[in-house]
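Numbers here simply count residues along the sequence, with the first being 1. Atoms within each ligand, like the ligands themselves, are counted from 1 in listed order.
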Amino acid sequence: DRGWMSSTSRSGGQPRPGVDKGPIHLVEAGLPDQLRQLGWDVTFDGHHQFEEISTQDDPPIGILKNPRQVSKVCEAVAQTVAGHAKKGQLPLTLGGDHSLAMGTISGTLSQYPDACVIWIDAHADINTAATTDTGNIHGMPVSFLLGLDESIPEFSWVKPRLTPQRIVYIGLRDVDAGEKKILRENGIKAFSMHEVDRYGIGKVVEMALDHVNPKRDLPIHLSFDVDALDPSVAPSTGTPVRGGLTFREGHYICEAIYETGCLVALDLMEVNPSLSDADAVKQTVAVGCSLVRSALGETLL
Ligand SMILES: N[C@@H](CC/C=C/[B-](O)(O)O)C(=O)O
Ligand SMILES: [Mn+2]
Ligand SMILES: [Mn+2]
Ligand SMILES: [Mn+2]
């Protein structure tokens with residue numbers, strides 16, 4: 001199998017320091033070799049800090065924080081991901097905050113225009129400049145990918161567009177009022193923790209795939225925010241929300257998506273090692289590595 005790893009780590013899309021150190025912890029925990037043991041030919045192309053992108057003179061646009069830095073980093077990530085996808089590699093992006101998904105998914109769509117997106121998260125990350133309460137761009141990537149907000153020229157590069165019927169969410173439990181309206185108005189399918197409780201994760205994943213990939217013939221981009229997991233499972237993350245996915249539910253999602261044989265790109269986002277005590281960091285990094293292994297073919301039997 002062809003594999004590729006990039007730890008594109010930036011913290012511009014959210015306010016808490018440290019999320020840009022997440023990838024280094026995942027790599028130092030041995031993730032590249034773990035994937036090689038699964039048979040992947042892993043090319044690790046270094047800890048992209050994209051530091052050459054200066055952060056000077058990047059005043060807020062409206063209340064959006066670090067807009068130019070986030071946009072430039074994501075544009076660079078889009079090109080990097082597209083380049084690897086073009087070579088038949090499976091780009092694995094380790095975040096870093098979830099604003100990066102603007103880049104990774106744009107990159108995937110440029111190579112696989114018919115790709116569908118499976119977004120695992122406590123949050124919908126679909127705020128527009130008009131609806132965001134925080135100005136943190138990690139809460140907005142999906143709105144830019146869908147082209148819901150054309151008011152910010154700095155993000156006009158985000159192309160090609162994702163369409164509402166090509167994205168599905170699993171794990172939602174902390175969605176802003178403005179986001180609920182956007183999800184409804186655009187007819188976007190979302191399986192919240194309520195549905196997970198009601199149907200069980202197996203049925204939810206089946207329904208999610210039936211919605212975005214009914215014939216299992218479309219490429220899949222899996223974007224996994226570790227805060228989809230319950231904080232007792234993945235404590236070291238910037239925006240934890242109680243009542244999340246169990247360790248096994250998180251892994252089931254990854255295993256089931258690998259089984260489709262459609263996976264073309266994977267993001268593991270929002271591991272923030274600087275937020276809690278060393279054991280909690282270790283636990284979160286270990287869960288992150290384990291989720292990636294499951295999405296890339298590790299099985300229990
Ligand atoms: N909806 C909140 C939270 C955003 C959370 C983003 B995350 O899913 O990437 O952690 C906001 O807009 O600030
Ligand atoms: Mn985040
Ligand atoms: Mn997210
Ligand atoms: Mn989240």
Side-chain angles (χ1 to χ4, degrees), residues 8-20 22-23 60-67 70 73-74 77 93-105 117-146 148-149 152 155 162 167-183 188 190-193 196 221-231 233-245 249-250 253 266-276 284 287-288 291:
T8 43
S9 54
R10 286 306 305 180
S11 59
Q14 54 85 51
R16 303 173 78 150
V19 72
D20 51 342
I61 297 174
I63 64 166
L64 268 58
K65 298 169 190 158
N66 315 312
V70 170
V73 167
C74 287
V77 166
T93 298
L94 304 174
D97 76 71
H98 220 167
S99 62
L100 285 167
M102 245 184 287
T104 62
I105 294 171
V117 174
I118 301 182
W119 195 283
I120 313 300
D121 206 324
H123 311 94
D125 296 2
I126 198 168
N127 274 306
T128 61
T131 66
T132 177
D133 295 325
T134 63
N136 295 330
I137 299 179
H138 72 154
M140 304 176 71
V142 180
S143 79
F144 286 117
L145 286 164
L146 292 171
L148 301 182
D149 189 341
I152 309 190
F155 290 91
L162 182 66
I167 182 168
V168 64
Y169 290 94
I170 299 175
L172 297 189
R173 56 189 184 279
D174 182 10
V175 181
D176 300 335
E179 292 181 303
K180 288 179 180 172
K181 189 163 175 287
I182 291 171
L183 291 173
I188 293 174
F191 294 93
S192 73
M193 289 310 295
V196 172
H221 181 122
L222 173 61
S223 200
F224 203 118
D225 184 329
V226 290
D227 71 31
L229 299 170
D230 189 79
V233 177
S236 287
T237 188
T239 45
V241 186
R242 60 189 174 177
L245 296 169
E249 286 167 339
I253 293 168
L266 172 60
D267 309 328
L268 195 275
M269 313 307 269
E270 297 283 357
V271 172
N272 185 337
S274 71
L275 283 185
S276 37
T284 307
V287 168
L291 287 167

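- Checked options Asn127, Asp121, Leu183, Asp125; the residue passing with Val175 is Leu183 (criterion: side-chain contact (heavy atoms from CB on, under 4.5 Å)).
- With hydrogens and angles disregarded, no donor-acceptor distance shorter than 3.5 Å links the side chain of Thr237 to the backbone of Pro240.
- Of the possible polar contacts, one joining the Asp149 side chain to the Ala129 backbone as a donor-acceptor pair under 3.5 Å is found.
- In terms of distance to the Mn ion (ligand 4), the nearest N, O or S atom of His123 is named ND1.
- In terms of distance to the Mn ion (ligand 4), the nearest N, O or S atom of Asp121 is named OD1.
- When distances from the Mn ion (ligand 3) to the N, O or S atoms of Asp125 are compared, OD2 comes out shortest.
- At distances below 3.5 Å, at least one donor-acceptor pair connects side-chain atoms of Asp227 with backbone N or O atoms of Ala122.
- Ligand 1 has a nitrogen or oxygen under 3.5 angstrom from a nitrogen or oxygen of Asp227.
- Using a 4.0 Å cut-off to heavy atoms of Thr134, the atoms of ligand 1 that qualify are 11 (C), 12 (O), 13 (O).
- Shown here are the side-chain hydrogen bond (donor to acceptor under 3.5 Å, both in side chains) partners of Asn272, two or more places apart in sequence or in another chain: Ser274.
- With contacts defined as side-chain heavy-atom distances shorter than 4.5 Å, the pair Val168/Trp119 does not qualify.
- Taking backbone and side-chain atoms together, Asp227 has an N/O/S atom less than 2.8 Å away from the Mn ion (ligand 4).
- Distances below 4.0 Å separate heavy atoms of Asp225 from the following atoms of ligand 1: 7 (B), 8 (O), 9 (O), 10 (O).
- Looking only at atom types and distance, the side chain of His221 has a donor-acceptor partner in the side chain of Asp267 under 3.5 Å away.
- Taking backbone and side chain together, Asp174 holds no N, O or S atom under 2.8 Å from the Mn ion (ligand 4).
- Polar contact with ligand 1: absent for Asp174 (N/O pair, distance under 3.5 Å).
- When distances to the Mn ion (ligand 3) are checked against a cut-off of 2.8 Å, His98 contributes an N, O or S atom below that limit.
- Taking the Mn ion (ligand 4) as reference, the nearest N/O/S atom within Asp225 carries the name OD2.
- Under 3.5 Å, the side chains of Glu270 and His138 contain a donor-acceptor pair of N or O atoms.
- Every atom of ligand 1 with a heavy atom of Thr239 under 4.0 Å away is listed here by number and element: 10 (O).
- Taking backbone and side chain together, Glu270 holds no N, O or S atom under 2.8 Å from the Mn ion (ligand 4).
- Using a 4.0 Å cut-off between heavy atoms, Glu270 contacts ligand 1 through its side chain alone, with no backbone atom that close.
- For ligand 1, one of its N or O atoms has an N or O atom of His123 under 3.5 Å away.
- Residues meeting the side-chain hydrogen bond (donor to acceptor under 3.5 Å, both in side chains) test with Lys180, sequence neighbours left out: none.
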